[in-house]
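Atoms within a ligand are numbered from 1 in the order they appear, just like the ligands themselves.
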Amino acid sequence: MKGLHVNLGERTYPLIFEANSLAECGEEIHRHTPAKIYVVVTDENVDRYYSDTVRQSLEAVGSACFIYKITPGEESKSMSTAESIFTWLLAHRFHREIVIVALGGGVVGDLAGFIAATYLRGVRFVQIPTSLLAHVDSSVGGKVGINHPLAKNSIGAFYQPHLVWIDPSTTRTLPVREIFNGLAEVIKYGLILDRDFFGYLESHLGDIISLDDTDSLMHVIHTCCRLKADVVEKDEKESGMRRVLNFGHTIGHALEKLTGYAYFRHGEAVIWGMLAATVMSQQACQLPSSDADRIRALLHRLEKPPVPHDVTSDSILDAINVDKKMTDAGLQFVLLEAIGSCKIQALEPEIVRSGIEDMLACQ
Ligand code: ADP
Ligand code: ZN
């Protein structure tokens with residue numbers, strides 16, 4: 001069993017990594033968060049594969065386990081789903097000693113975490129992420145929340161789980177598109193923080209995509225969580241260094257928004273955003289062209305839909321500006337000085353525009 005701690009003082013919590021381990025999660029969950037009642041929040045897709053296993057494992061330690069299923073997809077990360085869950089929890093008269101267990105991808109994790117942070121002013125929270133994106137992204141950092149019709153992820157909190165149980169084998173049932181969705185964030189960690197890891201991804205991408213090699217998948221997930229934990233430990237509430245995790249996200253978010261959040265998966269939009277940020281890094285940060293070529297080569301190996309024709313550089317620039325990334329100094333971007341080394345810098349709008357135009361031309 002592999003482990004890792006996210007060190008946040010009294011909110012420190014462990015991540016446990018173990019392949020084919022869902023049937024054994026109950027004992028460890030009970031050890032870290034003893035409870036008579038566990039409430040598992042999941043979605044209908046994940047439920048089909050994994051709820052029974054998790055329920056049986058929790059019941060085996062003598063606890064009761066209730067399952068709440070949501071409809072899969074981003075629409076469920078809403079106030080109305082949250083309200084339905086609150087109503088259900090209150091109708092069952094569940095008290096503050098329950099533990100909420102999020103079993104699923106990022107949507108389930110964010111929503112269930114939001115419920116845990118607010119139900120009766122906060123109950124204990126355990127995460128069992130099941131998508132690659134959730135393994136490498138939402139398992140570390142404690143961002144929980146829901147969407148508002150006016151802005152995504154705008155209602156929420158920083159609320160750390162008590163334990164995160166990561167079974168990389170759950171990726172075997174993921175649709176292939178969701179593998180690429182997660183790999184975008186995986187490559188991001190190499191680009192901003194770890195040159196050797198980027199090299200590892202160049203040589204192992206095929207194995208990871210085919211999910212043939214559990215060891216390389218485990219190595220990838222563990223490395224991403226360690227890299228993210230290092231950042232979050234220094235800046236839990238995103239006031240400084242944590243912003244480097246937004247590499248490729250300014251333009252990625254603009255693309256998601258311009259396509260109504262229904263065309264790109266988050267990671268796919270971030271791949272395009274990273275391609276644009278690579279060009280900007282060459283122009284403003286002296287990113288060597290040999291590094292830029294390696295980045296483009298790896299990013300183009302990830303499948304992603306093209307940017308639709310009606311999305312133009314003007315519309316992207318507009319969307320970025322309303323995304324409040326504007327400061328007095330100009331638009332702030334995370335840029336690369338080299339693979340594995342990044343910095344945050346204000347850019348002239350012309351450099352942003354040329355990065356976007358290059359991205360639109362390279363599809
Ligand atoms: P994220 O990409 O942020 O993890 P979701 O929570 O929406 O977002 O998960 C992506 C999709 O993958 C959803 O349709 C979800 O039901 C599905 N999913 C998540 N984990 C698994 C899994 N292990 N097997 C099959 N489908 C899964
Ligand atoms: Zn992201």
*Asks:* Starting from atom 1 (P) of ligand 1, what is the nearest protein heavy atom, named by residue and atom, and what distance separates them?
*Replies:*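 Of every protein heavy atom, G106 N, 3.4 Å lies nearest to atom 1 (P) of ligand 1.
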
*Asks:* What atoms of ligand 1 come closer than 4.0 angstrom to any heavy atom of N181?
*Replies:*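 Taking each heavy atom of N181 in turn, ligand 1 has 2 (O) under 4.0 Å.
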
*Asks:* Select the closest option to atom 5 (P) of ligand 1 among V107, T170, D47, judged by heavy-atom distance.
*Replies:*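 The residue whose heavy atom sits nearest atom 5 (P) of ligand 1 is V107.
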
*Asks:* Using a 3.5 Å cut-off on N or O atoms only, is T173 in polar contact with ligand 1?
*Replies:*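 Yes: some nitrogen or oxygen of T173 is under 3.5 Å from one in ligand 1.
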
*Asks:* Are more than 12 heavy atoms from other residues, nucleotides or ligands located less than 6.0 Å from atom CE of M241?
*Replies:*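 Enclosed.
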
*Asks:* With side chain to side chain donor-acceptor pair (under 3.5 Å) as the test, pick out the partner of Q160 among E10, R11, E236.
*Replies:*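 It is E236; the other options fail the test.
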
*Asks:* Would you mind naming the N, O or S atom of E185 nearest to the Zn ion (ligand 2)?
*Replies:*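 Looking at E185, the N, O or S atom with the least distance to the Zn ion (ligand 2) is OE2.
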
*Asks:* Run the numbers for me: atoms of ligand 1, each under 4.0 Å from some heavy atom of D43, listed by number.
*Replies:*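 So the atoms of ligand 1 that pass are 15 (C), 16 (O).
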
*Asks:* Nearest to atom 20 (N) of ligand 1, what protein heavy atom do you find, and at what distance?
*Replies:*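 The protein heavy atom lying closest is T130 OG1, 2.8 Å.
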
*Asks:* Roughly how far, to the nearest 0.5 Å, is the CZ atom of R48 from the OG1 atom of T42?
*Replies:*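 Here the interatomic distance stands at 10.5 Å.
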
*Asks:* Go through it in stages, so that I can follow the logic: the residues are H249 and H266, the test is ring-ring contact (aromatic ring centres under 6.0 Å, His included), and I'd like the CA-CA distance, side-chain angles, deciding distance and then a yes or no.
*Replies:* CA-CA 9 Å; H249 279 58; H266 170 68; 5.0 Å; yes

*Asks:* To 10 degrees, how wide is the angle NE2 (H249) to the Zn ion (ligand 2) to NE2 (H266)?
*Replies:*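 The NE2/NE2 angle about the Zn ion (ligand 2) sits at 100°.
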
*Asks:* Judged by modelled atom types alone, do N147 and E74 share a side-chain donor-acceptor pair under 3.5 Å?
*Replies:*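 Side chains of N147 and E74: pair found under 3.5 Å.
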
*Asks:* How far is atom 21 (C) of ligand 1 from the closest protein heavy atom, and which atom is that?
*Replies:*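 Protein heavy atom at minimum distance: L174 CD2, 3.4 Å.
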
*Asks:* Using a strict cut-off of 4.0 Å, indicate which atoms of ligand 1 neighbour a heavy atom of Y49.
*Replies:*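 With Y49 as reference, the close atoms of ligand 1 come out as 25 (C).
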
*Asks:* If we check ring-ring contact (aromatic ring centres under 6.0 Å, His included) with F94, which of these qualifies: Y119, F66, Y38?
*Replies:*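 The passing option is F66.
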
*Asks:* Any idea which protein heavy atom is nearest atom 9 (O) of ligand 1, and the distance to it?
*Replies:*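 Result: G105 CA, 4.2 Å.
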
*Asks:* When you measure from atom 12 (O) of ligand 1 to each heavy atom in E44, E178, H266, which option holds the nearest one?
*Replies:*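 When every heavy atom of E44, E178, H266 is considered, E178 comes closest to atom 12 (O) of ligand 1.
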
*Asks:* Give the minimum heavy-atom separation between Y13 and L15, together with the two atoms involved.
*Replies:*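 Looking at all heavy atoms of both residues, the closest pair is CE1-CD1, 3.5 Å.
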
*Asks:* Report the part of R265 in contact with ligand 1, treating N, CA, C, O as backbone and CB onward as side chain, heavy atoms under 4.0 Å; options are side chain, backbone, both, neither.
*Replies:*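 Near ligand 1, R265 shows its side chain, while the N, CA, C and O stay back.
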
*Asks:* Measuring from atom CD1 of I146 to atom OG1 of T81, what distance do you get when rounded to the nearest 0.5 angstrom?
*Replies:*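 Going from the CD1 atom of I146 to the OG1 atom of T81 covers 8.5 Å.
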
*Asks:* Give me the nearest non-hydrogen protein atom to atom 17 (C) of ligand 1 as residue plus atom name, then the distance to 0.1 Å.
*Replies:*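 Nearest neighbour among protein heavy atoms for atom 17 (C) of ligand 1, to 0.1 Å: N45 ND2, 4.2 Å.
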
*Asks:* Is there side-chain contact between R177 and E303, with heavy atoms separated by less than 4.5 Å?
*Replies:*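 Answer no - side chains too far apart.
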
